[in-house]
Every structure is written in structure tokens, then in C-alpha cells.
Amino acid sequence: MVAGGCRPPRGYGLIIAEKPKAAAKIAEALGGRYARRCTAYGVPYWVLRVDGRLFVVAPAAGHLYGLYTDERGFPVFTYRWVPLDVAEGAKHARKFLALLATLCRDASIYINACDYDVEGSVIGYMIIRNLGDVRRAYRMKFSALTPTDIRRAFRRLEPLDWPMIEAGLARHELDWLWGINVSRALMEAVKLVTGKKVVLSAGRVQSPTLVEAAKREARRRLHVPYPRFNVQVWLAGREGRLKLTIASREKLIEAKRIADRVAARGYAFVSSVAGRREYVKPPPAFNLSDLQMEAARLYGYSPAFTQEIAEQLYLDGLISYPRTNSQKLPHTLDFRGILEGLASIPAYTQLVKRLLLETRGVLRPVQGPKEDPAHPAIHPTGAVPRRKLNRAEERIYDLIVRRFLAAFSKPAVVERVTATLDFGVVRVNVSGTRVLEEGWYVYYPFSRPKDDIPRVSRGERLRVERVVVETVYTEPPEAYTKAKLVRWMEEVGIGTEATRARIVETLFDRGYLRLSGGYVTVTDLGFAVAEVLEKFFPKLTSVAMTREFERLLEDIRRGIRRRAEVVEEAKRVLSLLLEDYKKRAMRDAGLMLAKSLRLVEAERPCVICGRESVDGRLCRFHLEALEALKRGFVEWRRRLGGIGWEEYLERVASLRETGMWVRDVAKYLLETGLAP
DNA sequence: GCAAGGTC
Ligand SMILES: [Zn+2]
């Protein structure tokens, strides 16, 4: 350890922060200029005096302990807390543990100053339990890492928050029990059937996500496009030409009737042109998933990549903590200081100047609805980059800065112009927008709409130059991107800001998902795991399990239930499920999984794809596709007013919109000439 | 080797 003031004499108070950045803020808030920054084991800590008493502020780095077992096989119900380098091989944890072990030895009291949430309670508690003494421990409770909040929390130290700790411990145990046991159940099943070791996994968050992706993928592959008939017209007016779809009908005959009458009339009359002003409020500052969505939309970045970049910017001191759900910028932040800092970055000098003029120095940001227990929305710190940012860093930083600036700006004024065109048989509204006042678009141009108002005037006669009936086809549901999958997880409330992108990547690492042209597709293994889980462990495939856990944890926090009873109940439920599975279902599950991996031959292969068939001819996917094709034929005949089976198959087989399994079956039927 | 949760 460093000499002098960095080795305080026995009897100091040890304040444990969740991370180095938080430790620095706490030290500064409590010790001001007199906080001495020291380093040991490559980890910073601070020594300071408050009212003459000596304190040391030292950081953890998130969880430094995790659950671990050395038992093999399943069911496995015994586990213990061990240092994270043992539990997960997390080498970086070692130096933090080493420092905390050293500092805990001579401390007289221990103060858990980790983020005030269940995980923070567990992080601090495990350190104090293993390296210090819980009988001399306290909790600091603050909802933001601002000097005021920190000082207030320090003056009002509370005893250890046992209900919160117990809830956090229960969360870890429940996830471990379900996750480890069901993962092993999957792997053992494959091993039983093939003798091979394949890494498979399941869990409260990853499994509902996999099932969601599989459902979407199946709907896409089973999509039978239906025809629609659009009446398109080319018009000529005083201000130029325009092309419009003026009607869309399911039945060809109806669309044709409209087209004929429009052509016969030869003109359209502009019966009205109306403009309506809309005030578009600036969006709030980013939370992590908003940032991930924008980076995906604008630059095609995956959520995990965006997060990695944001974390680096945070570590470099350029932006605030990125793993936040908050869309709020609390007034305790030093807005003016941040803006002054940004003004010294050439790219933002003019924008900041403009913003200060526009707001006349009254800095009141829009606040979004989403909240976070520990961190505000992502914002720049105002620090000037001390190195050249790479392209991705520059883009992400730019998005964050601009979104922050926009939050203080005025609404944009957009005019929506709607023209009503009268074709005799139909009246059509054509609308478009134009920006009248740029407002916040000046700072955040990425959401600015294009000017596209219809160029026609009231009372004008537009000449119909051409009329065509165009056949279009219904589109399959949209494929997920990684960012959309992360957003789905957020919407249904599973995972956290810190874990969602990582868990999506886990599904890829397991071979459940693949990327194709930037879109998520589900592999045969992914479908098989989803099917096995839904059949044998349906609870784990539903987001309802997270809701149930939340209720249980809340009960523990309120003292209505005890951790031990909640954990015992989970073990009981799992024990029944797993014993039953082992006896009756494991071979079936193993076969389903092994066949999807092509480790086992199908007994009666699907004539199209070789997967196991249901009826000796088609697999479950192609059988479903055949059913969809038959239903589609009825609909196509209704819409077209008559079409033969073979022509129908030919058209469906050739359409871009057709789902893969449907196309397979259509082609197969055409080749073999088999009747449906 | 397997979860989900922290953070580096
Ligand atoms: Zn098949």
C-alpha cells in the first residue's frame, strides 16, 4: 500500500461503493478537497476526514461474489456464495477483493454505500459479511449520486437493510435454481441420447425471449401472402405531376371497376386543402434502450455494441452512467456547467451558443416518463475528449450530446397539409408535412421529417394521365433485429438495462439464433429448445415468472414472507418437475434436441427437409405450412374471383413475401403433382 | 458448463 495518509490507522469507517466512479463522487461529496486519492492493487480508494473522524471510501466492481456449486448433475439444490473469480473466473474481481479485504481488517464500522436497490444491497452485504463484520454495518441510502444526496444519506446512516438484502439473495437463488437445473436438464437429455456434450441453457429471461423470437419466426415462415389490388393514378396539375394510390381492394373486380370509372372521368378535383399546425415536443434524454434503438436505426449498431461504446465513453468521463432506464434530467445536475464544457468542443460551440440564446439561460429539460432507482438519463458530463474518438464513439457521443441539447429546446412546429381529391367514385386524402419552425430539430436533426406536402391547390383540376390496377401482397410480420428484441424485453419487463443486450447475445452464442442480413432468425436448435421448454418447463418460457418473482421479492421486502420459505418452495416445485422429467421425458426431449442438431437421424424423415415427420410425410413445420396453404387457396379464390390450384401454387411459390416453409411445400406439391 | 445480476 501507498505510504503516509494512504494507510489510515485502525478504527476508521469503511464506506463501500458499488463502483470506482461512485466511490470518487462519494469521496468528493464527503471530503471535498481533503479527500486523498490512493491506489492499491491497481484500484483507487480515498481517505478523508468528516468532523474529525477518519473514513475510507473504496469501490466494489458490481458483484464480487456469486453462487457456486461443485455438484454435478441435476437436480442440484446446494450452492454457496464464493468470490466471483472462483464462481465465474472473473479475474478483474480479484484486485477489488484484495483491496477490500485489506481495508476491512482495520475498519471499525462498515457502510454499504452501493446503489440503493436490491442488487446494491447484496453487493455491499456480501463484502461486509465475508471480509468485515455485519454487526458493525450500516446502510447509506441515496437515490442520486449528487453531493447533496450523498451528504444527507451520510448524516442519516441506517442499520443494514435486511429485508432488501434478503430479497436480493432470494433473487439470486431463484434464478440460479431454475437456470442451472433446467440448463442441465437440457444438456443431460442430449447426452443421454447421443453421448455428446453440447452447451445448452435456459433461464427466466433468456427463455421467454427465445420463445418470442421463435413465435415470430414461425409466423414469418408460415406466411401465405394474400393479394390486394391497388388503383394507382398518375396526375398532372399546375405544380407538377404526382403518383397516388387512390384505392386498395381485396377483390380484383372492385378495383377494376374503380379504375375504369376514374379513367373515364379523366380528372380529379381538389375539393379542399387544409393545413394543421402540430407542435412536436423534443424527446427526453436517452435511457440505454432508447440509445440502442437510435444507434440501430441510424447506424445499424447492435445493442451490445452500442452499450460497449457507451460504457467506454462513461469510463472516459465523457458521459454519465449509461446503464440506466431513466429519461429524466434532475435539476440538481449542473446544466450550465455541462453546457459550458460542451461549448469548448468545436463541433458544439455554435449549438450551445444558440441554445443559451434561445432559452435565455432558463434551462428546463423535458422529462420522459421512464425512471431509474439509481441513475438519471444518459447525458454528457461536459468534459472535453482528451483523445481522438473513433467513428462509432463519435457517433454515439454525438447522439447523446445532441439529444441532451434538444431536451432544453423548443417544440418544432410542423404543418400537416391534407388535400382532398375527388375522383367521382372515390375521394382520397393526401397528406404530407413541412417544418415551419425547426425548434429542437436544430440540435437533433435525426428525427426531422422530410418536407413532402402535396403540391396542389384548392379548386384545381388534376388531369388523370394514367390508371393502373397493381397487385400487391400482404407482408409477413417483420423480423426482429437485435435492437427490437431488446426493446421487446424492455416492454414486457424482463432483464435489466445492463443485461438485456448480453442475454440476446447469449442466445446467439448457444446457437439458438442467427443473424441474416441484420435480422434475427431462429435455428432448428432454437426451435427445438423452445419446444422442449414449452412442453416440459412451460413456467420458464413465460414472462409471468418474472412477475411472480417480483411479487415474492416484494413480499420478502415487506416482511410478509421469508427468503427460506420462498426458496424452499422453488426447490419443491423444481424437484417434482425435474424428477418427473428425468423419469418420463428426458429421452423424448433428448431426441427432439439431438434431431435438431442432426446428431440423430429422423426415423421417418419429412419428404421436404428431412426433419422428423409427424405423419410419415411432413414435419410439423411443413405440415403447418400445408394447412396454411390450403386456407390461403380459399382466400385467393375469393379475392381473384377464380384461380386454379396449380396456378395458385406457382404464384405463391414465386412471391417474395411468401414464408419459407410455405414456399417449400408449394414447390414440393408442384414437383410431385400431389393433391393437397 | 449451466442463470441473471452487477461492472472492468
Ligand atoms: Zn419438413
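What you are looking at is a predicted structure, and each value in this text was computed from that prediction instead of being measured. Naming: A, B, ... by sequence-line order, numbering from 1 per chain. Atom set for the values below is all heavy atoms of this structure, side chains included, hydrogens, waters and symmetry mates excluded.
- The nearest heavy atom of DNA chain B to A:Asn181 and to A:Ile123 marks one nucleotide each, and the one closer to the 5' end goes with A:Asn181.
- A:Thr496 has a side-chain polar atom (N or O) that falls below the 4.0 Å cut-off from OP1 or OP2 of B:dG6.
- By the 30° and 60° cut-offs, the orientation of the rings of A:Tyr321 relative to A:His375 is parallel.
- Contact record, A:Ala23 with A:Ala58: CB-C, 4.4 Å, taken as the closest heavy-atom pair.
- A:Phe55 has its ring centre no less than 6.0 Å from the ring centre of A:Trp46.
- Remark: A:Arg171 is not in phosphate contact with B:dG6, judged by side-chain N or O atoms under 4.0 Å from OP1 or OP2.
- Applying the 4.0 Å criterion to OP1 and OP2 of B:dG5, one finds that A:Thr499 has a side-chain N or O inside that range.
- In terms of phosphate contacts, A:Tyr65 brings no side-chain nitrogen or oxygen within less than 4.0 Å of OP1 or OP2 of B:dG6.
- The base of B:dG1 sits within donor-acceptor range of the side chain of A:Arg184, with an N or O pair under 3.5 Å.
- Applying the salt bridge (charged side-chain N to carboxylate O under 4.0 Å, His left out) test between A:Glu119 and each of A:Arg323, A:Arg171, A:Lys19 identifies A:Arg171 as the sole match.
- Positionally, the nearest nucleotide of DNA chain B for A:Glu71 lies more toward the 5' end than for the other of A:Glu71 and A:Ala60.
- A:Arg94 comes within 4.0 angstrom of no nucleic acid atom, judged by non-hydrogen atoms across all strands.
- Among the atoms of the strands shown, none is found under 4.0 Å from any heavy atom of A:Gly168.
- One N or O donor and one acceptor, one from the side chain of A:Glu88 and one from the base of B:dA4, sit under 3.5 Å apart.
- Here A:Ser183 does not reach the OP1 or OP2 of B:dA3: none of its side-chain N or O atoms lies under 4.0 Å away.
- Nucleic acid contact class of A:Glu173 (heavy atoms, under 4.0 Å, all strands): none.
- Side-chain proximity of A:Arg204 to the nucleotides B:dG6, B:dG1, B:dG5 is greatest for B:dG5.
- Nucleic acid contact for A:Gly62: base, since at least one base atom lies under 4.0 Å from a heavy atom of the residue.
- Relative ring orientation between A:Tyr581 and A:Phe536 is described as perpendicular, the plane-to-plane angle rising above 60° on a 0-90° scale split at 30° and 60°.
- Residue A:Arg502 places no side-chain N or O under 4.0 Å from the OP1 or OP2 atom of B:dG5.
- Within residues 549-588 of chain A, no residue approaches DNA chain B, by heavy-atom distance under 4.0 Å.
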